[in-house]
There are 2 protein chains.
Amino acid sequence: METCCDMRGFLTFIVLRLLSKKPMSGEEIREELKKRKGSKPSSGTIYPCLKMLAENGFIEEISRSGKLKRYTLTKKGQAELKRATRQFVRIFYDMKEEYR
Amino acid sequence: METCCDMRGFLTFIVLRLLSKKPMSGEEIREELKKRKGSKPSSGTIYPCLKMLAENGFIEEISRSGKLKRYTLTKKGQAELKRATRQFVRIFYDMKEEYR
DNA sequence: GTTTATATATCGGACACCCAACATTAGACC
DNA sequence: GGTCTAATGTTGGGTGTCCGATATATAAAC
């Protein structure tokens, strides 16, 4: 094994973050993740994730343009993102120095 | 479900980060994680993790004081941490604003 | 309306992550 | 040496995360 730290497990957090900035569709989120991570999550990853978030009231469909189904955060989703962000900062507060 | 984003999957990354700053033992790492996350990883979590990292040459035992077995990063571990940190920053570059 | 392309959705399974419980080791103290 | 305590180590299993393959829906092009 040449690498560790594959950084799984933050997909829902990243999705909430992206949707908090602007409404996005599954495809748009996949594209954004490709830019950031280098690899595009499969459709079998992103749509179940969106479905789960919607079913639990964190996000909701806001518009449909063409085939694109865009989501945005609900109040509950905003609260969850806030909570998760606090947690994130508590864990990684010393990452600050890495951003430059 | 009231929360999502449980932020699993970053344990090895966090461990490498901690060990890059100073040698630490399993117990010391558990304590530090309790401070940051609020919950202490179980011994069945931390020791297999350290074992895996050691077996793959990312960390090595550096000293033994009392029962404490302290580890530090190897060259390979430093390289992996650097790679993972780049990845992390690429994904979360826009978290910058959250640190204040 | 048929074909084509693209976005969305579902399903099964592989693997990773972590915990709880239990077992072992090593030093401290007598 | 014997006992106690704390750190380390091991095992089994539950759950989460993600992928690849497959299926469906939608709109555009013709």
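Any value given below was found using the heavy atoms of this structure, including those in side chains, with hydrogens, waters and symmetry copies removed. Chain letters run A, B, ... following the sequence lines, proteins first and then strands; every chain starts at 1.
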- line: Atom CZ of A:R8 and atom C1' of D:dC18 are separated, to the nearest Å, by 5 Å
Under 3.5 Å, which N/O atoms of the protein pair with N/O atoms of nucleotides 2-6 of chain D?
from: D:dT5; atom 1: O2; to: B:K67; atom 2: NZ; distance (Å): 3.4
from: D:dA6; atom 1: O4'; to: B:K67; atom 2: NZ; distance (Å): 3.4
from: D:dA6; atom 1: N3; to: B:K67; atom 2: NZ; distance (Å): 3.3

message: What is the distance, to the nearest angstrom, from the CG atom on A:L68 to the P atom on D:dA25?
response: 18 Å
message: Considering only residues two or more places apart or on different chains, which pairs with a residue in residues 63-89 of chain B satisfy ring-ring contact (aromatic ring centres under 6.0 Å, His included)?
response: A:F88-B:F88, A:F92-B:F88, B:F13-B:F88, B:F88-B:F92
- prompt: Where along residues 28-48 of chain A does a heavy atom fall under 4.0 Å from DNA chain C?
  reply: A:S43, A:G44, A:Y47, A:P48
field: Residue pair B:E31 / B:K40: nearest heavy atoms and the distance that separates them
entry: OE2-NZ, 2.8 Å
task: State, with a plain yes or no, whether a side-chain heavy atom of B:M95 is found less than 4.5 Å away from one of A:T85.
output: yes
- line: Taking every heavy atom of B:I91 against every heavy atom of A:K37, the minimum-distance pair comes out as CD1-CD, 3.5 Å
message: Mind checking if A:L50 touches a base, just sugar-phosphate, or nothing, with heavy atoms under 4.0 Å?
response: nothing
Any B:I46 side-chain heavy atom under 4.5 Å of B:I29 side chain: yes
- request: Give, ordered by number, those residues of residues 54-66 of chain B having at least one heavy-atom distance below 4.0 Å to an atom of DNA chain D; if nothing qualifies, reply none.
  value: none
message: Working note: A:K34 + A:S39, criterion side chain to side chain contact (heavy atoms under 4.5 Å, CB included); need CA distance, chi angles, decisive distance, verdict.
response: CA-CA 5 Å; A:K34 182 178 169 63; A:S39 67; over 6 Å; no
Would you list the atom pairs, donor with acceptor, under 3.5 Å between side chains in residues 14-24 of chain A and any protein atom, with sequence neighbours excluded?
from: A:R17; atom 1: NH1; to: B:E98; atom 2: OE2; distance (Å): 3.3
from: A:R17; atom 1: NH2; to: B:D94; atom 2: O; distance (Å): 3.0
from: A:S20; atom 1: OG; to: A:R17; atom 2: O; distance (Å): 2.6
from: A:K21; atom 1: NZ; to: B:D94; atom 2: OD2; distance (Å): 2.4

- request: Grab the two heavy atoms, one from A:Y93 and one from B:E32, that are nearest each other, plus how far apart they are.
  value: OH-OE2, 4.3 Å
Covered region of DNA chain C, 5' end to 3' end, by chain A [heavy atoms, under 4.0 Å]: C:dA5 to C:dC17
- line: Separation between CZ (A:F58) and OG1 (A:T74), nearest 0.5 Å, reads 7.5 Å
- request: Mind listing the closest non-hydrogen atom pair of B:L33 and B:P41 along with its distance?
  value: CB-CD, 3.7 Å
message: With heavy-atom distances below 4.5 Å as the criterion, would you say the side chains of A:S43 and A:E27 are in contact?
response: no
message: Ignoring hydrogens and geometry beyond distance, is a side-chain donor-acceptor pair present between B:R70 and B:S65 at under 3.5 Å?
response: yes
message: Between B:K76 and B:N56 (side chain of the first, backbone of the second, donor and acceptor by atom type, cut-off under 3.5 Å), is there such a pair?
response: yes
